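Okay, structure first, notes after.
Proteins come first, then strands; the chains are lettered A, B, ... in the order of their sequence lines, and each starts at number 1. Quick caveat: nothing in here was measured; it's all calculated off a predicted structure.
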Amino acid sequence: MSNVSNVPPRGLFARLFEPPRIGAMAPGAKFIVYTLLLAWSAFVLFPIYWLLITSVKSAADVNGGPVYIPFVDFIPSLHAWRELFVVDYADTLRAYVNSIIISLAATALAVLIGSMAAYALARIRYQPNLITILLFVLVMAAALFAIGSYGVDWRLVLVVGVGIFYFLSKAVASRVHVPLANGDILFWMISQRILAPIVVVVPIYMMFQSVRMLDTHLAIILTYAVVNLPIVIWLMYDFFNSIPKDLEESAQLDGATMIMTFREIVLPLSRAGLAATTLLVMILCWNEYLLALFLSTAKAQTMPILVAAMNAGERGILWWSMSVVIIVMIIPVVFMAIVLQRYISKGVLLGAVKG
Amino acid sequence: MNTDMTSASETDTLASDAKRLSIRKMNKHYGEFHAVKDLDIEVEPGEFLVLLGPSGCGKSTALRMIAGLEEITSGEVIMGDRDVTHVLPKYRDIAMVFQSYALYPHKTVAENIGFPLKVTGVPEEQRNKAVFDAAAQVQMETLLERFPRELSGGQRQRVALARAIIRRPSAFLMDEPLSNLDAKLRGFMRAELKHMQHELGVTTIYVTHDQIEAMTLAHRVAIMKDGELQQLGTPAEVYTNPVNLFVAGFMGSPPMNFLEGNVSESGLQVGNDKIPLDGVEDGMAITLGFRPEDASVVEAGQGRFDAMVYTAEMTGDLTLVTVKHGSSILTIKMPKDFMVDYNQNVGIQFDSELSYLFSTGDGARLKANVVDS
Ligand SMILES: Nc1ncnc2c1ncn2[C@@H]1O[C@H](COP(=O)(O)OP(=O)(O)O)[C@@H](O)[C@H]1O
Ligand SMILES: [Mg+2]
């Protein structure tokens, strides 16, 4: 009652865009926001709907122009599902299992190594000398050139190379100091990811070819782990940096060993970061196509390759089969996201510091 | 001198197993920067020593070196009869309270307090009892299941304290533990802290930039400036007998009043008045100091020199009269019923026994005094 008389009179439009209470949303604003959200949801969800209905369409339904609603516009059939999971189930299942193994292993490897590197970068101050690094690269290049172009015995090159590097670093690097810091190391690692993968595809292919590891799980796992390391290091560096150093120092003074400090303090506090990073890397591995295309021919083929294979051959693009494969590819990602999202909560550090 | 004796005997009876902490010629260099210079302090067993100095003077650095969190550039840290200079923090048997409290945010109050016992493998039953006892000492025993984020600043402070006292360390190190609290709580926690240290009798080094905290808590105060120890003594000693201009100006609230000038004809010219001095030479640049409570406002011409009243502030228990003389602002403590008009010319009287003379250049205390005329 009283609040009605307490405010000046105003028009309908003004009232429509004015919150009725503190903390509430104006009715007009609410309408606009929800309309936009609905429109956006439809826009985002429509492709998924399209995948679902395409997977049960016949070739005629697809080619004969767009049909939208099953049972009304067209009669759905499970022919594509049957083909992939009954007739050709061995191929489908192999690609599926390959994808799961490779993604899990590569993600585990990348997150393990990457978070250790990130922790070190966040907590230890490094001061590498740029000159030493340049000398190392120079000697390395010369050594490879000697082996590759002149066929010098690699053992000889190794011994001579180590000797030369040792001599040069004593003679030059100890006098000329161009100190780098942690930031430089971090940037160098990130720069590895900025480099387009296509640039290194051929060298990687040749490398695995020469050690006869093409079309093996291990080759793809190692490649994926290395390719994703920069992302893990970059993300986890930020997470570890956000944990106050005081907490670890306090644990040390309380008598905890390094391992205990890591297990009891650092790990629980970086769980959210680890979960987010794991999810991201897993999705990147799961969807990777280019490297898999080069590194696998049959045995180690992954799902993205299978998807692409639906666009090969004389029958044109098999939209229905492609839809089936994409649907089964989406399922594990959604599952992982649901499992991991409960760790990706904010505010884990609340209450650590200040009053 | 007198107070020193009392505090020493007091602590002797309390802590038979308390350890002496010796810091000898301790230095810290950060590259070119010399953060702590030849710090030499002997902390008596059971003593409450306060390291006092302005922000950035190297107090935290010194404390962290004693804790083993920071490498010592040179010097020694000796606990009891053990040289711990290069010993890892966890083997030093030291508990530290951080300015940020450093509570583990994902652990409950009980888990936080019990952490030092957990990592040293104390069985759970024994640990729970110790946690309860430690929590009870800081009145936190009813909040054991809460998380740090569910506590107020003062309660977090208590948890940090309980975590420090639970395992009876050889020494406590505290880095501005009260600075995040509001004024009232700070005063209350100060009293609790002092009481607790007295009860436990553990050798304590306490870092602060707040001279009132230092005065009220310390058995002895070590005053630092730019990484260098200026004076080490009981609060009364450093207050009544400062060795230099810095210590004189740092201790006391409001701070000591200073008048600068050059000596002429064995005296300091202040406006139209001359304050006669003994033990100085003509031409010396000197600073004359006296404390607000050792001076009084009198009729113009009746004091040692005249000045103009700038403001008068009633603080409750007394009136603070601020007077201006040239560029110097001086504060005098007067009784609470003292009345004076602004811009009035008044005389300032102070006790010659309770005034100090310093060399303006290097700040050193001079063996000189004001002569009563
Ligand atoms: N890691 C560091 N590297 C370089 N300088 C530092 C470092 N830590 C502290 N300092 C410097 O040392 C001085 C003393 O710092 P600190 O001990 O934290 O002062 P306080 O605790 O007395 O405020 C400061 O001038 C600070 O800038
Ligand atoms: Mg500090």
Side-chain angles (χ1 to χ4, degrees), chain A residues 115 119 122-129 177-183 236 239-276 342-355, chain B residues 31 64 67-70 88-107 109 111-122 146-157 159-160 163-164 166-167 169 171-173 175 177-182 185-186:
Chain A
S115 55
Y119 186 65
R123 288 294 184 253
I124 304 171
R125 231 174 107 230
Y126 293 100
Q127 288 167 294
N129 187 355
H177 261 279
V178 185
L180 299 178
N182 289 21
M236 289 313 295
F239 270 102
F240 288 135
N241 250 352
S242 71
I243 300 177
K245 225 177 159 182
D246 282 4
L247 296 184
E248 286 157 66
E249 289 179 345
S250 175
Q252 272 183 52
L253 281 168
D254 285 345
T257 60
M258 202 100 126
I259 304 280
M260 270 187 236
T261 308
F262 192 78
R263 204 186 56 215
E264 292 273 338
I265 312 295
V266 180
L267 208 55
L269 291 178
S270 46
R271 195 176 283 166
L274 281 171
R342 72 194 178 94
Y343 295 111
I344 309 175
S345 59
K346 280 199 168 158
V348 269
L349 282 172
L350 232 57
V353 294
K354 287 214 278 286
Chain B
R64 291 169 55 80
L69 296 173
E70 203 84 55
L88 285 176
K90 65 172 170 158
Y91 298 123
R92 292 193 183 198
D93 193 24
I94 278 175
M96 183 154 165
V97 179
F98 291 77
Q99 179 172 0
S100 65
Y101 311 150
L103 299 182
Y104 310 128
H106 57 298
K107 293 181 183 290
V109 168
E111 286 167 343
N112 264 285
I113 298 174
F115 188 74
L117 299 187
K118 183 179 176 187
V119 296
T120 43
V122 175
R146 293 245 186 123
F147 282 94
R149 62 175 174 275
E150 300 163 337
L151 301 176
S152 72
Q155 290 168 333
R156 286 178 199 176
Q157 168 66 65
V159 177
R163 187 175 65 188
I166 193 168
R167 76 193 151 98
F172 284 142
L173 304 180
D175 194 351
L178 304 184
S179 63
N180 287 333
L181 304 180
D182 60 65
L185 195 56
R186 195 153 59 214

Query - Interatomic distance, B:L69 atom CG to A:E248 atom CD [nearest 0.5 angstrom] - result: 11.5 Å
Report task. Considering only heavy atoms and a distance below 4.5 Å, find which of B:Q155, B:E150, B:Q157, B:R163 pairs most often with chain A. Result -> B:R163
**Report entry** Which atom of A:D254 lies closest to which atom of B:V119, heavy atoms considered
**Finding:** O-CG2, 3.3 Å
Requested in this report: Find out whether B:R64 and A:E249 are in side-chain contact, i.e. whether some heavy atom of one side chain is under 4.5 Å from a heavy atom of the other.
Outcome: yes
Query raised in the report: Residues in salt bridge (Lys or Arg N to Asp or Glu O under 4.0 Å) with B:R146, at least two apart?
Result: none
**Report entry** Engaged part of A:T261 at the chain B interface, taking heavy atoms whose separation is under 4.5 Å
**Finding:** neither
Query - Residue B:A95 versus chain A: region with a heavy atom under 4.5 Å - result: neither
**Report entry** Separation of B:Y91 OH from A:Q252 CD (nearest 0.5 Å)
**Finding:** 11.5 Å
Query raised in the report: Which heavy atom in A:L253 sits nearest to a heavy atom in B:F98, and how many Å separate them?
Result: CD1-CZ, 4.2 Å
Query raised in the report: Could you give the distance from OH (B:Y101) to CG (A:D246), rounded to the nearest 0.5 Å?
Result: 12.0 Å
Query raised in the report: Between A:A256 and B:K90, what is the shortest heavy-atom contact and its length?
Result: O-CD, 3.7 Å
Query - For B:K107, salt bridge (Lys or Arg N to Asp or Glu O under 4.0 Å) partners two or more places apart - result: A:E264
